[in-house]
Amino acid sequence: MHYSSKIVMALFILIISSNFKSASQVRTTYLLDKNWHFSKTDDQSAVQPTFNDATWEKVTIPHDWAIKGPFFNGNDLQNVRIEQNGEQKESLKSGRTGGLPIVGTGWYRNTFKAPAFAKGKRAVLLFDGAMSNPVVYLNGEKAGYWGYGYNSFSIDVSDLLNIGAENTIAVRLENLPESSRWYSGAGLYRNVHLIITDEFSIPVWGTYITTPEINKDFAKVKVKTQVKTAVTWQKGMRLETQILDQNNHAVAVQTAILETTDGFQFEQNLIVKKPLLWSPETPNLYKAISKLYLGDVLKDEYSTTFGIRSIKFEAGKGFSLNGQYRKFKGVCNHHDLGPLGTAINESALRRQLIILKDMGCDAIRTSHNMPAPELVRLCDEMGFMLMVESFDEWKAKKMKNGYNRLFDEWAEKDLVNMIHRDRNNPSVIMWSIGNEVPDQGSKNGNKIAKFLQDICHREDPTRPVTVGMDRIKDALNNNFASLLDIPSFNYKPAQYEEANNRLPQGFILGSETASTVSSRGVYKFPVAFAKNKVYDDNQSSSYDVEFCNWSQIPDDEFVKQDELNYVIGEFVWTGFDYLGEPTPYDSKWPSRSSYFGIVDLAGIPKDRYYLYRSRWNKNSPTLHILPHWTFPGREGQITPVFCYTSYPSAELFVNGKSMGKQSKNNTSNINRYRLMWNDVIYQPGTIKVIAYDENGQAVAEERVETAGKPHHIVLKTNQTNLMANGKDLAYVTAEVVDAKGNLCPDDDHELQFSVLGAATFKVAANGDASSLALFHQPYMKAFKGKLVVTVQSQEKAGPIKLKVTGKGLKDAQLDLISQ
Ligand code: GAL
């Protein structure tokens, strides 16, 4: 049967969504993003199609029900002893999940008219992720359910869908208290799709593409394609697979006939000549177009993006990509998007990746759970390597209601879905089956590790498996670490040598490193290395010298990365600040988001960004000085100046007077990577550094001036053109500056935002982890002179004007355009 009526399709689109993708007329994918109704209720009668949801909130999906707050320290208050942090007794932890109302039950309902397709079609609902314990009903019947809130899952609803008539989807979600160590978000926070195909078709994630041989002349491409049908084998079932390059030119094609013995799986081997390899620096992609026929009738068309690249992990040599040895310059990230909460948004993700790319970062660990599919696709396209992680818990508890509750029933299903969804993506380099699981120390730990690793090998023999281990003694003594493909450790640079001596693999990864804490623009005196340091203002120093009792300053990890050949890289905790886990203030309200980020929650780089950039970005030099130079009242006091630079040396001038030339040197870990003038006496004016290259030539200069009184607002954005799709975002940084344009680095003016034209104000964030201001209000205080306003496009083109005002300040306007 053909489903080819454009009229039907047009009608359907009008009714349920503006977004649809059609690979051809045989397969249609609808994005169920509009016309949802939501209520934070636990009224089971909401499953009934006749239920009246008129009073419920109208929402679009992705949606995070908790992000609008309000913040309250009683939300998910946890009385816990965090074992992995070495805590001896329980204490009350506020803000651990962000102080936001994630806990409870919520329902989503959507009524839509399905197209009048012929009987014999297959209809599948695909959820990219639903937080959490989703139970899905269609027309009053239970259609399916899942446990874990982070995984993608699909439900075949062919038998439940009313063809050509109204349908009601109802989804129940429930977050239990004490189920997370960070802000999990809540609700239908990732996309929901309805996929309609012929009954004889390729199922969700039905292709598996590997490249078993790659050389400069050709690559072998092996394509396994599953077929789903309720009927028995018939003659004439065949598959044509075509490989397209980035310009959509066909570079290979092959047709296979399904034999009775094939178990409804095609296997094809194609050759791509002169392949363009994928790497972070050259993210070349290919597409496989699978056309499924019964006789001469096209039954399905399915598209898979893949890449051609080789990975190797070798004893003594480390990790190589396409034959080139390299170390992971990675960050760990949680899944929230700061002020947007967990509601997935592609332009928010793209912005994060642009910021990380400029730092020279080439890898991301999706700690500690499966990422949104959009992140994986963007990493393919923009060039990042991924460690895709699954679990923060196995059977042994970290949290009362954590994944331990689900493990027995779901662990295998969760891994299978994770791997099937992402195993064609070249960005995915390895699977992580766990983070700091307490099972490392238990008798059963090795068994579970082997069970999970074997599942990964069965589903994807091409990628190695790891666990982020923290209990290094246990893991070495009981052979837990030696059974993993990649031994990875969290915060153990001092033990890399010992671990490598005792392990058979011959290489080690820093799966989680540093956990330095800092608040953007906050400088504490005297400057001193300090563990678990807390201050009255709930901030940490931006001199990058403060850390936790299990963690380090970045430099301590750098030394090991640089000295030990077999250490294959690091994943810094974290790239971006995230909601929840406000260590070292997790018992000290108000504090609701992390201090670990290299970049703050608003997306503004902290000083540490430039320290990593000075090491990682080999394409453009780094020269950055800290602190700011506006400290009224500090006159005559010691105020150290640090310089993070890719150059080997620099000279500091304070008000024109040289403070001497400093060169990176081996006298201490920190001296190897930072230039520091520790005895500078503060006087208002100008500090300036001149950088020198290896030949002693002055090559660059950077200066900071003492700011005068706050005078006006400056708006900066790197995106003035928006797509008129109702989803695109422009991030605009507002800075309070003096009359000469110098940042007023302590300013906390409340700023107001208004947007005119083809966009709306979405959220604002200032990066202050102790602020309880709501992100969606059109006003917010600047933090250390800055904040970021996010503007969202509408589904109409036209000019946009953002206006930002503040009492006593000359206001600012910015013109954007939506197309
Ligand atoms: C690690 C843990 C992370 C985060 C981090 C903070 O032990 O794996 O999830 O809690 O500590 O330093």
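Every number for a ligand or one of its atoms is a count from 1 in the order of the listing.
Proximity of the aromatic rings of Tyr595 and Tyr585 is defined here by a centroid distance below 6.0 angstrom, and this criterion is met.
Here's the thing with Glu581: one of its N/O atoms is less than 3.5 angstrom from an N/O atom of ligand 1. Considering backbone and side-chain atoms alike, Glu512 places an N or O below 3.5 Å from some N or O of ligand 1.
The aromatic rings of Phe507 and Phe313 sit tilted, their planes meeting at an angle between 30° and 60°.
For atom 9 (O) of ligand 1, the closest heavy atom belonging to the protein is His368 NE2, 2.5 Å. For atom 12 (O) of ligand 1, the nearest protein heavy atom (residue, atom name, distance) is Ser515 OG, 2.6 Å.
With Phe775 as the aromatic partner, Lys68 does not meet the cation-pi criteria of under 6.0 angstrom to the ring centre and within 45 degrees of the ring axis. Both tests hold for Arg615 against Phe558: distance to the six-membered ring centre under 6.0 Å, angle to the ring axis within 45°.
Lys588 and Asn538 form a side-chain donor-acceptor contact under 3.5 Å, judged by distance and modelled atom types alone.
Looking at Asp555 and Arg674, a side-chain N of the basic residue comes within less than 4.0 Å of a carboxylate O on the acidic one, giving a salt bridge. Salt-bridge check for Asp439 with Lys395: failed, with every basic side-chain N at 4.0 Å or more from each acidic carboxylate O.
When non-hydrogen atoms are compared, ligand 1 lies under 4.0 Å from the side chain of Asn435 (C-beta onward) but not from its backbone. Contacts of Trp182 with ligand 1, taken as heavy-atom pairs under 4.0 Å, are absent altogether.
For ligand 1, the atoms closer than 4.0 angstrom to any heavy atom of Glu436 are 1 (C), 2 (C), 7 (O), 8 (O). Atoms of ligand 1 found under 4.0 Å from any heavy atom of Arg181 (numbered from 1 in listed order, with element): 2 (C), 3 (C), 8 (O), 9 (O), 10 (O).
Heavy atoms of Trp550 approach ligand 1 to within less than 4.0 angstrom.
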